[in-house]
Structures are given as structure tokens and as C-alpha cells.
Amino acid sequence: MNIEHNKERMQFTLNVNGELAKVDYSIKDGKMYLNHSEVPYDLRGQGIGKILVEKTFETLSKEGYKAVAVCSYIRIVAQRSDKWSSIIEY
């Protein structure tokens, strides 16, 4: 599963069997605000949300962004691992 960063739409998307899981964001003062995460109903309960968020964090790291976890689910994933503490605020 590969994540795509669509800068025009301000989204990270993960295509799973033709359905899109996504993270929506906005940018303010040079920081990315991760506002909302969504997994299609048919894909819920399979760990797709965690995969989506961790792949989003990996992409942020590679692209040199710092981010703020606004979405409660994204914040929980960030808090569960010290791995992301250098790029994610909550």
C-alpha cells in the first residue's frame, strides 16, 4: 500500500482495493495541521487507519514537514510511539 500526497487537495490518500482512506490537512505558519482522518466504512476494523497515519508521518518526515495532530485519532497514534515526537505536536 502506497500513500499519495496530493498537495492541491491538501490530502494524503491510501488506496485500498479501490477505496480511499485519507488524511486532510491545512498549512499555517509553515506547519501542517492534520485535521481529519477517514477510513471508508467497509475497511474499518482492519488496522487501515493506523497504517494510513503512520505512512502519513513517514511522508511528512521524508518531505521535511513538522505537523500538529488536530484529529484525535492521529494524536493517539502519535502519542503511542516516541518515533514521531520530533515531527508531530499534539
Side-chain angles (χ1 to χ4, degrees):
M1 285 186 271
N2 292 321
I3 193 147
E4 291 190 30
H5 184 185
N6 185 327
K7 293 179 182 179
E8 280 184 23
R9 288 189 161 186
M10 299 180 122
Q11 283 184 335
F12 292 93
T13 56
L14 190 65
N15 187 323
V16 182
N17 301 326
E19 296 196 63
L20 289 182
K22 64 182 181 176
V23 170
D24 295 315
Y25 68 86
S26 56
I27 295 180
K28 181 179 176 188
D29 299 327
K31 284 188 184 173
M32 187 178 285
Y33 287 78
L34 305 173
N35 299 315
H36 177 73
S37 62
E38 184 176 323
V39 174
Y41 186 78
D42 293 341
L43 300 175
R44 292 181 186 173
Q46 300 174 39
I48 302 297
K50 184 177 179 188
I51 292 167
L52 167 69
V53 172
E54 288 185 343
K55 285 186 177 284
T56 296
F57 292 170
E58 288 170 9
T59 303
L60 290 172
S61 182
K62 286 177 192 169
E63 294 181 0
Y65 286 100
K66 300 274 184 184
V68 178
V70 178
C71 167
S72 59
Y73 182 74
I74 295 172
R75 192 175 319 121
I76 287 168
V77 173
Q79 290 172 337
R80 287 186 178 160
S81 174
D82 291 337
K83 181 178 181 179
W84 310 115
S85 63
S86 64
I87 61 165
I88 305 295
E89 296 176 23
Y90 36 85

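For clarity, every value in this text was computed on a predicted model and none was experimentally measured.
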Just so I know, are the side chains of [X] and [Y] near enough to count as touching, which here means a heavy-atom distance under 4.5 Å?
{"X": "Y73", "Y": "K50", "result": "yes"}
{"X": "K7", "Y": "Y25", "result": "yes"}
{"X": "T13", "Y": "N6", "result": "no"}
{"X": "R9", "Y": "K22", "result": "no"}
{"X": "L60", "Y": "L34", "result": "yes"}

Quick check: is [Y] connected to [X] through a chain of hydrophobic side chains (ILVMFWY, heavy atoms under 4.5 Å apart)?
{"X": "I76", "Y": "V70", "result": "no"}
{"X": "I3", "Y": "I74", "result": "yes"}
{"X": "V68", "Y": "M32", "result": "no"}

message: So, taking the atom named NE2 in H36 and the one named OG in S72, what distance separates them when rounded to the nearest 0.5 Å?
response: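 Rounded to the nearest 0.5 Å, the NE2-OG separation comes out at 10.5 Å.
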- request: Any chance you could measure I87, atom CD1, to K66, atom NZ, to the nearest 0.5 Å?
  value: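 So the CD1 of I87 and the NZ of K66 are separated by 8.0 Å.
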query: Transitive ILVMFWY cluster of L20 at side-chain heavy atoms under 4.5 Å: who else is in it?
result: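 Cluster partners of L20: none, it stands alone.
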message: Run the side chain to side chain contact (heavy atoms under 4.5 Å, CB included) test against A78 and tell me which residues pass, sequence neighbours left out.
response: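 For A78, the residues satisfying side chain to side chain contact (heavy atoms under 4.5 Å, CB included) (neighbours in sequence not counted) are F57, I88, Y90.
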Partner set under side chain to side chain contact (heavy atoms under 4.5 Å, CB included) for S26, not counting sequence neighbours: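 If we apply the side chain to side chain contact (heavy atoms under 4.5 Å, CB included) test to S26, skipping adjacent residues, the hits are Y33, N35.
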Using every non-hydrogen atom in the two residues, find where [X] and [Y] come nearest and quote the distance to one decimal.
{"X": "L52", "Y": "E38", "answer": "CD2-O, 4.1 Å"}
{"X": "V23", "Y": "T56", "answer": "CG2-OG1, 3.8 Å"}
{"X": "P40", "Y": "E19", "answer": "CB-OE1, 3.2 Å"}
{"X": "N15", "Y": "M1", "answer": "O-CG, 4.5 Å"}

- request: Please work out whether the ring planes of H5 and Y65 are parallel, tilted or perpendicular, with thresholds of 30° and 60°.
  value: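 It falls in the perpendicular class, over 60°.
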message: Would you say CD of Q46 has more than 12 non-hydrogen atoms from neighbouring residues, nucleotides or ligands within 6.0 angstrom?
response: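 Above 12, so yes.
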